[in-house]
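Only a predicted model underlies this, so the values are computations on that prediction, with no experimental measurement involved.
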Amino acid sequence: MKIAIVGAGIAGPTLAYWLCRYGHEPTLIEKAPRLRTGGYVVDFWGGGYAVAERMGLTAQLHTAGYAVREIRLVDRNSQRVGGFSAESFRRNLGGDFVTVPRGELAATIYRAIDGHAETMFGDSVSAVAQNDSGVEVTLEHGGSRQFDLLVGAGGIHSPLRELVFGPDSRFETDLGYRVAAFEADGYRPRDELVYLAHTMPGRMIARFAMRGEKTLFLFVFAAEYTRGPEPQNVSHAKTTLHQVFGNAGWECPEILRELDGVSEVYFDRVSQIVMDRWSKGRVALIGDAAAAVSLLAGEGAGLAMVEAYILAGELDRAGADYPGALGRYERRLRPIVEARQRSARAFAKMFAPKTALGVWTRNQGSRLLNVRPLADWIVRREFRSDIALPKYEEGVAPTI
């Protein structure tokens, strides 16, 4: 089949990879002029790690990623008030765990399909018309293309979802927090392989030292700390972060000075996407476009890869019965995604508790993860992979 995929982040290229493996013809359509880089770091494990392993990418991801040693929580004087060693994660996950920049994960996946799948950068879908023989896709920069299926992998604010399924307001659940991130060069101190965070009631700021003298900064804060409309550009995002963190103490004055000198800032709501169906005729959604668990849930990238793997496998197994494939794809994944969303709604509050007592309780609770038997039990319970990946490839000759 000829299958158009809107979005060249993580879910889209993963889907393209497996479709190529099965002999289909995917076309990626990406609004950005080139592959997006940068962004926050993600802990990569579980089902997504297993998919990457089947793609032969895990060695590259460990090279690009980081073996974080410690999560350290500090007060305004940089004194440790909580945190734990990350060793329990590696010990209990058998090494199938790495912290990797989201942009590096996306680039690693894309390199696996570069030259095998058509990619249209700098364009987007402006109209969709379904018919008995396929789906006609009108492109923003002119012309139209006919495909058998169309898949939206454009993230939490998917334009294709809005075109086909309706406005974001029907599906987006705001969890009441805002998140921002940026990278700066040459920041000191660095604290290598330590994820270091300072929390005040309703606000959290963290930093992580990366290669090439870069430092990643992450801000999380309760929505009520903002004033006025949500930022629509980098300048407005900077102003908002100054308003929220200008009196926060710790290293915030220095971090905000670094913020003033950068040209790219990620800023968004912490939201989930909840839909009653992930497909409509010949159009399907995957990744955050279908069922975002929220940035703070910690497994969105891995879930996106699992969804792409299963969708590709079900489509290939079904032959011409694409409605059956789309139905099985959703039935396999919906219970898992909905469970992750429930957990994420509770977990979001752990990043930036809204009271001083909540911050103190979170900090003290984090120390329990330094007790080895308890840490091992918690990691095995909370981070076990409960996604059993089907095997679709028996008898298939790879074409990529």
Between Phe208 and Tyr40, ring centroids under 6.0 Å: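 Between Tyr40 and Phe208, which both carry aromatic rings, the centre distance is not below 6.0 Å.
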Check: Tyr49 ring centroid to Phe97 ring centroid under 6.0 Å: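 That pair fails the under 6.0 Å test.
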With no hydrogens and no angle check, is any side-chain donor or acceptor of [X] less than 3.5 Å from a backbone partner on [Y]?
X: Glu183; Y: Lys214; answer: no
X: Arg72; Y: Gly83; answer: no
X: Asp191; Y: Val194; answer: no
X: Ser126; Y: Thr138; answer: yes
X: Ser78; Y: Val74; answer: no

Are the side chains of [Y] and [X] in contact, using a 4.5 Å heavy-atom criterion?
X: Val68; Y: Leu193; result: no
X: Ile205; Y: Ile255; result: yes
X: Phe182; Y: Leu216; result: no
X: Glu314; Y: Arg332; result: yes
X: Glu70; Y: Ser85; result: no
X: Val100; Y: Val41; result: no
X: His198; Y: Met204; result: no
X: Leu28; Y: Glu118; result: no

Would you call [X]-[Y] a salt bridge at under 4.0 Å N-O?
X: Glu213; Y: Arg188; result: yes
X: Arg211; Y: Glu192; result: no
X: Lys2; Y: Asp148; result: no
X: Lys31; Y: Asp123; result: no
X: Arg91; Y: Asp376; result: yes
X: Glu251; Y: Arg76; result: no

Would you say the side-chain atoms of [X] and [Y] include a donor-acceptor pair closer than 3.5 Å?
X: Thr108; Y: Arg111; answer: yes
X: Arg362; Y: Thr199; answer: yes
X: Glu172; Y: Ser271; answer: yes
X: Gln272; Y: Thr173; answer: no
X: Ser133; Y: Asn131; answer: yes

Could you pull out the closest heavy-atom pair between [X] and [Y], with the gap in Å?
X: Gly47; Y: Leu389; result: O-CD1, 4.1 Å
X: Ser144; Y: Glu136; result: OG-OE2, 3.2 Å
X: Met200; Y: Ala248; result: SD-CB, 3.2 Å
X: Arg54; Y: Arg21; result: O-NH1, 4.2 Å
X: Val234; Y: Ser263; result: CG2-O, 3.7 Å
X: Ile113; Y: Ala16; result: CD1-CB, 3.9 Å

How far does [atom1] of [X] sit from [atom2] of [Y], to the nearest 0.5 angstrom?
X: Leu369; Y: Glu87; atom1: CG; atom2: CD; answer: 13.5 Å
X: Ser279; Y: Glu330; atom1: OG; atom2: CD; answer: 6.0 Å
X: Asn363; Y: Arg80; atom1: CG; atom2: CZ; answer: 12.0 Å
X: Asp114; Y: Ile109; atom1: CG; atom2: CD1; answer: 13.5 Å
X: His242; Y: Asn247; atom1: NE2; atom2: CG; answer: 12.5 Å
X: Leu311; Y: Arg328; atom1: CG; atom2: CZ; answer: 11.0 Å

Worked verdict on Arg207 versus Glu254 for salt bridge (Lys or Arg N to Asp or Glu O under 4.0 Å): CA-CA 12 Å; Arg207 59 173 168 82; Glu254 293 84 1; over 6 Å; no
Steps toward side chain to side chain contact (heavy atoms under 4.5 Å, CB included) verdict (Leu73, Ser366): CA-CA 9 Å; Leu73 308 177; Ser366 71; 3.6 Å; yes
Glu264, CD: over 12 other non-hydrogen atoms inside 6.0 angstrom: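 Open: at most 12 neighbouring heavy atoms sit under 6.0 Å from CD of Glu264.
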Enclosure of Arg34 CZ (heavy-atom neighbours >12, cutoff 6.0 Å):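 Atom CZ in Arg34 is not packed in, count stays at 12 or less.
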Set of ring-ring contact (aromatic ring centres under 6.0 Å, His included) partners for Tyr177, sequence neighbours left out: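 Here no residue qualifies.
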With Tyr392, the ring pair (Phe, Tyr, Trp, His ring centres under 6.0 Å) member among Tyr22, Tyr309, Tyr329, Trp18: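 The option that passes is Tyr309.
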Verdict with reasoning, Glu230 to Arg178, per salt bridge (Lys or Arg N to Asp or Glu O under 4.0 Å): CA-CA 10 Å; Glu230 300 225 355; Arg178 302 295 178 261; 2.7 Å; yes
Geometric class of the Phe84/Phe89 ring pair [parallel <30°, tilted 30-60°, perpendicular >60°]: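 Plane angle between 30° and 60°, so tilted.
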